Amino acid sequence: MKTSVFLGALTVAGFAAGASAAQTLDDVQSRGNLNCGVTTGLVGFAAPDANGVWEGFDVAVCRAVAAAIFGDPMAVEFVPTTGQTRFTALASGEIDLLARNTTWTFTRDTDLNNEFVGINYYDGQGFMVPRDLGVSSALELDGATVCIQTGTTTELNLADFFRVNNIEYEPVPIETNAEAQQQYLAGACDVYTTDASGLAATRATFEDPSAHVILPEIISKEPLGPLVRHGDNEWGDIARWVLNALIAAEELGVTSANVEQLAEEGTDNPEINRLLGVEGELGAMIGLSNDWAVNAIAAGGNYGELFERHIGESTPIGLARGLNAQWTEGGLLYAPPFR
């Protein structure tokens with residue numbers, strides 16, 4: 001009898017989990033738009049343009065998910081979040097997806113009940129200083145004042161680095177990247193530390209970027225990626241496979257320029273055909289139309305196109321692909337098979 005009750009409880013729990021999993025997609029479709037949490041402003045990753053339209057590398061993930069669901073990359077409401085508020089916004093249901101240069105860690109995945117759906121940028125923490133400070137290494141920062149965003153892995157890594165190297169520092173806590181930039185340029189701190197990509201993005205907005213140096217040390221692993229709430233299994237699958245579709249599309253040579261033609265005419269490559277819905281019914285498996293990936297890729301392009309447009313070497317931010325190159329090019333990008 002005890003065994004039956006136990007199994008019954010598992011069955012009820014299973015149905016409850018299934019209902020919860022479908023709820024976010026249902027809510028998004030009923031609402032008619034995706035609520036996506038982003039940073040309060042980091043040029044190249046997520047920031048409003050002169051007309052108030054959000055754009056950037058992380059924003060593109062949100063737009064790709066909206067396109068996969070609605071066929072419309074503009075069906076997104078962007079919710080700016082800080083390092084302190086982002087997880088609360090996700091847990092409370094204020095946002096459906098968080099795409100905000102957020103590091104995947106053990107505690108964030110388990111203790112905070114989040115589900116990271118992949119990595120869209122492999123990063124590491126660095127340091128930026130004024131060139132006239134005359135510093136060439138982070139090991140020369142003994143006694144420095146350091147601007148640091150609260151509620152971040154950056155804050156914890158900083159303490160570890162200075163402790164291990166037996167040097168002292170004085171933290172200057174800030175909430176947002178804009179506040180950090182203001183404080184740093186005003187001389188309230190000697191150093192600004194955050195993800196190296198964030199430092200490059202911030203420096204690109206300075207009146208004279210060449211007057212500031214990003215030091216060579218990278219002191220941590222910062223795998224950045226989008227995340228959803230635990231328990232939304234179907235919703236997690238959608239976000240995960242949209243990101244994978246963008247990564248796979250680059251590897252397979254599918255671009256914003258040719259995706260619709262390839263979907264219409266088909267190809268000799270079964271993997272491309274499955275990705276684009278020419279063969280199989282992958283869309284139905286995640287509750288979407290069969291052209292979901294076509295719409296996601298057409299929204300802004302494949303991973304490589306998005307990288308180059310928003311943060312690549314031809315932009316003021318000037319980031320090289322590095323670890324974020326495809327696995328076939330010596331990087332870490334690797335999408336699971338579409339089959």
Side-chain angles (χ1 to χ4, degrees), residues 39-45 81-87 100-108 111 119 121-224 311 313 316-320 322-324 332:
T39 182
T40 53
L42 183 63
V43 172
F45 285 88
T81 64
T82 69
Q84 295 278 34
T85 65
R86 53 186 164 176
F87 300 120
R100 184 203 177 279
N101 56 320
T102 297
T103 303
W104 188 348
T105 71
F106 181 95
T107 54
R108 288 175 175 179
D111 192 45
I119 298 169
Y121 193 91
Y122 290 90
D123 210 345
Q125 183 174 334
F127 300 90
M128 179 168 62
V129 299
R131 186 177 295 276
D132 60 15
L133 196 63
V135 172
S136 60
S137 168
L139 296 174
E140 300 170 17
L141 295 176
D142 192 18
T145 54
V146 184
C147 279
I148 180 76
Q149 290 188 56
T150 55
T152 64
T153 56
T154 313
E155 186 177 21
L156 305 176
N157 296 335
L158 180 69
D160 288 349
F161 176 78
F162 276 80
R163 178 182 177 184
V164 167
N165 289 286
N166 197 30
I167 53 180
E168 300 292 329
Y169 73 101
E170 181 182 342
V172 179
I174 46 90
E175 283 286 328
T176 67
N177 188 67
E179 183 185 352
Q181 178 175 325
Q182 181 182 25
Q183 295 282 67
Y184 171 77
L185 291 177
C189 53
D190 303 311
V191 187
Y192 180 31
T193 183
T194 189
D195 299 335
S197 64
L199 294 177
T202 300
R203 183 175 63 171
T205 67
F206 292 170
E207 185 176 344
D208 182 10
S210 66
H212 304 270
V213 178
I214 297 176
L215 300 178
E217 287 86 0
I218 297 296
I219 67 168
S220 68
K221 293 183 295 184
E222 305 294 329
L224 310 179
I311 58 177
E313 291 181 290
I317 297 169
L319 294 174
L323 296 177
N324 296 290
L332 298 179

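All of these numbers come straight from a predicted model, not from anything done at the bench.
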> Tell me, do Tyr169 and Leu141 make a side-chain contact under 4.5 Å, heavy atoms counted?
Replying inline: no
> Has the side chain of Ser220 got a donor or acceptor atom that lies under 3.5 Å from a matching backbone atom of Glu222?
Replying inline: no
> Rounded to the nearest 0.5 Å, how far apart are CD of Gln125 and CG of Asn157?
Replying inline: 4.5 Å
> Shortest non-hydrogen contact from Pro209 to Ala204?
Replying inline: CG-O, 4.4 Å
> Taking C-beta and beyond as the side chain, do Leu158 and Phe127 meet within less than 4.5 Å on heavy atoms?
Replying inline: yes
> Of Asp123, Leu42, Asn177, which is the lone residue that meets side chain to side chain contact (heavy atoms under 4.5 Å, CB included) with Asn101?
Replying inline: Leu42
> Do Tyr121 and Leu319 have side chains that get closer than 4.5 Å, going by heavy atoms?
Replying inline: yes
> Checking Asp142 side chain against Glu168 main chain: does a donor-acceptor pair fall under 3.5 Å?
Replying inline: yes
>> Suppose the criterion is disulfide bond (SG atoms under 2.5 Å apart): which pairs have a residue in residues 178-214, not counting sequence neighbours?
In response: Cys147-Cys189
> Does atom CG of Asn166 have more than 12 heavy-atom neighbours from other groups under 6.0 Å away?
Replying inline: no
> Considering all heavy atoms of both residues, which atom of Leu133 and which atom of Asp190 are nearest to each other, and what is their separation?
Replying inline: CD2-O, 4.1 Å
> For the residue pair Ala196 and Ile218, what are the closest heavy atoms and their distance?
Replying inline: CB-CD1, 3.9 Å
> Testing Thr202, Thr154, Ile148 for side chain to side chain contact (heavy atoms under 4.5 Å, CB included) with Thr194, which one passes?
Replying inline: Thr154
> How far apart are the closest heavy atoms of Val43 and Ile317, and which atoms are they?
Replying inline: O-CD1, 3.3 Å
> Where do Thr150 and Glu155 land on the side-chain hydrogen bond (donor to acceptor under 3.5 Å, both in side chains) test, with the steps shown first?
Replying inline: CA-CA 6 Å; Thr150 55; Glu155 186 177 21; 5.6 Å; no
> From Tyr122 OH over to Asn324 CG, what is the distance, rounded to the nearest 0.5 angstrom?
Replying inline: 8.0 Å
> Can you name the side-chain contact (heavy atoms from CB on, under 4.5 Å) partners of Glu140, sequence neighbours left out?
Replying inline: Val135, Ser136, Ser137
> From Thr103 OG1 over to Asp195 CG, what is the distance, rounded to the nearest 0.5 angstrom?
Replying inline: 5.0 Å
> Looking only at heavy atoms, what is the nearest atom pair of Ala144 and Val191, with distance?
Replying inline: CB-CG2, 4.0 Å
> Looking only at atom types and distance, does a side-chain atom of Thr193 sit under 3.5 Å from a main-chain N or O of Gly126, one as donor and one as acceptor?
Replying inline: yes
> Looking at residues at least two apart in the chain, or sitting in another chain, which of them share a side-chain hydrogen bond (donor to acceptor under 3.5 Å, both in side chains) with Thr40?
Replying inline: none
> Do Tyr184 and His212 make the cut of ring centroids closer than 6.0 angstrom?
Replying inline: yes
>> Can you confirm whether more than 12 heavy atoms, excluding those of Arg163, are under 6.0 Å from its CZ atom?
In response: no
>> Can a donor-acceptor pair be found, under 3.5 Å and without considering hydrogens, that links the side chain of Thr102 to the backbone of Arg100?
In response: yes
> Any side-chain heavy atom of Gln181 sitting closer than 4.5 Å to one from Tyr192?
Replying inline: no
> Is there a side-chain contact between Thr82 and Gln149, using heavy atoms and a 4.5 Å cut-off?
Replying inline: no
> Rounded to the nearest 0.5 Å, what separation is found between the OG1 atom of Thr153 and the NZ atom of Lys221?
Replying inline: 12.5 Å
>> Could you report the tightest heavy-atom contact between Ile174 and Gln183, atom names first, then the distance?
In response: CG2-CG, 4.0 Å
> So, does Arg86 use its side chain to make a donor-acceptor pair with the main chain of Gly83 at under 3.5 Å?
Replying inline: yes
